[in-house]
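Below is one structure, written out as structure tokens, with a few remarks after it.
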Amino acid sequence: MSSDLKNLELTYKRIYELSIQIAQLIDRQIYSELITYINKKEQLFNEAGDLLAKVKAKNEDTTSLIEICEKIQKQEQTNIVMLTSIKDELKKELN
């Protein structure tokens, strides 16, 4: 496993951890801190994109990353559902 692939895996793990922290903030209704976490996650996604391009250029096997990518996707979907629910509640209250 090359250093780029290892760094990509670590970056994905950090993204997953941030996604979990975002869910915890949503649960605790600490919305003011969300933007900081979302910006950090966006930065990590950019880093991951750069690393992924390097890994693909080397034609490396990325199947070891499937599990963490699926976990990220699942957590992100959960976060979206949570935020959508909150948005819908706020919309009802405003009406």
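All values below come from the heavy atoms of this structure, side chains included, with hydrogens, waters and symmetry mates left out. Predicted model only: the values in this text are computed from it and were never measured.
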Taking side chain as C-beta onward, heavy atoms only, is [X] less than 4.5 Å from [Y]?
{"X": "Leu18", "Y": "Phe45", "value": "no"}
{"X": "Asp4", "Y": "Leu8", "value": "no"}
{"X": "Glu76", "Y": "Lys41", "value": "yes"}
{"X": "Asn46", "Y": "Asp50", "value": "no"}

Pair [X], [Y]: side-chain N/O donor-acceptor within cut-off below 3.5 Å:
{"X": "Asn79", "Y": "Gln75", "value": "yes"}
{"X": "Asp61", "Y": "Thr63", "value": "yes"}
{"X": "Glu60", "Y": "Ser2", "value": "yes"}

Quiz item: Are there more than 12 heavy atoms of other residues, nucleotides or ligands under 6.0 Å from atom CD of Gln24?
Solution: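 Count over threshold, so yes.
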
Exercise. Check whether more than 12 heavy atoms from other residues, nucleotides or ligands sit under 6.0 Å from atom NZ of Lys58, and answer yes or no.
Key: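 Enclosed.
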
Taking every non-hydrogen atom, the tightest pair across [X] and [Y]:
{"X": "Tyr16", "Y": "Lys71", "value": "CE1-O, 3.5 Å"}
{"X": "Leu51", "Y": "Thr11", "value": "CD1-OG1, 3.6 Å"}
{"X": "Arg14", "Y": "Leu44", "value": "NH2-CD2, 3.2 Å"}

Quiz item: In terms of side-chain geometry, is the basic nitrogen of Glu33 or Arg28 positioned less than 4.0 Å from the acidic oxygen of its partner?
Solution: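 Not counted as a salt bridge, because no side-chain N and carboxylate O are separated by less than 4.0 Å.
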
Quiz item: Got a salt bridge between Glu70 and Lys74, using NZ or NE/NH1/NH2 to carboxylate O under 4.0 Å?
Solution: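 Result for this pair is no, no salt bridge flagged.
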
Answer with yes or no whether the hydrophobic clustering places [X] together with [Y]; edges join I, L, V, M, F, W, Y residues whose side-chain heavy atoms lie under 4.5 Å apart.
{"X": "Leu34", "Y": "Leu90", "answer": "yes"}
{"X": "Ile20", "Y": "Leu10", "answer": "no"}
{"X": "Leu25", "Y": "Ile80", "answer": "no"}

Quiz item: So, the side chain of Ser19 versus the backbone of Ile15: is there a donor-acceptor pair under 3.5 Å, distance only?
Solution: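 Flag set: sc Ser19 to bb Ile15 pair under 3.5 Å.
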
Exercise. Quick one: pull up OH in Tyr31 and CG in Leu83 and give me the separation to the nearest 0.5 Å.
Key: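 Taking OH in Tyr31 and CG in Leu83, the distance rounds to 8.0 Å.
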
Exercise. With side chain to side chain contact (heavy atoms under 4.5 Å, CB included) as the test, would you mind laying out the steps for Asp88 and Thr84 before giving the verdict?
Key: CA-CA 6 Å; Asp88 291 345; Thr84 301; 3.9 Å; yes

Self-check item: Residues in salt bridge (charged side-chain N to carboxylate O under 4.0 Å, His left out) contact with Lys56, at least two apart in sequence or another chain
Solution: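 Per chain and number, Lys56 pairs via salt bridge (charged side-chain N to carboxylate O under 4.0 Å, His left out) with no residue.
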
Practice problem: For salt bridge (Lys or Arg N to Asp or Glu O under 4.0 Å), just list the numbers for Glu9 and Lys13, CA-CA rounded to whole Å, side-chain angles, deciding distance to a tenth of an Å, and then say yes or no. | Solution: CA-CA 6 Å; Glu9 183 178 17; Lys13 286 180 181 179; 3.7 Å; yes

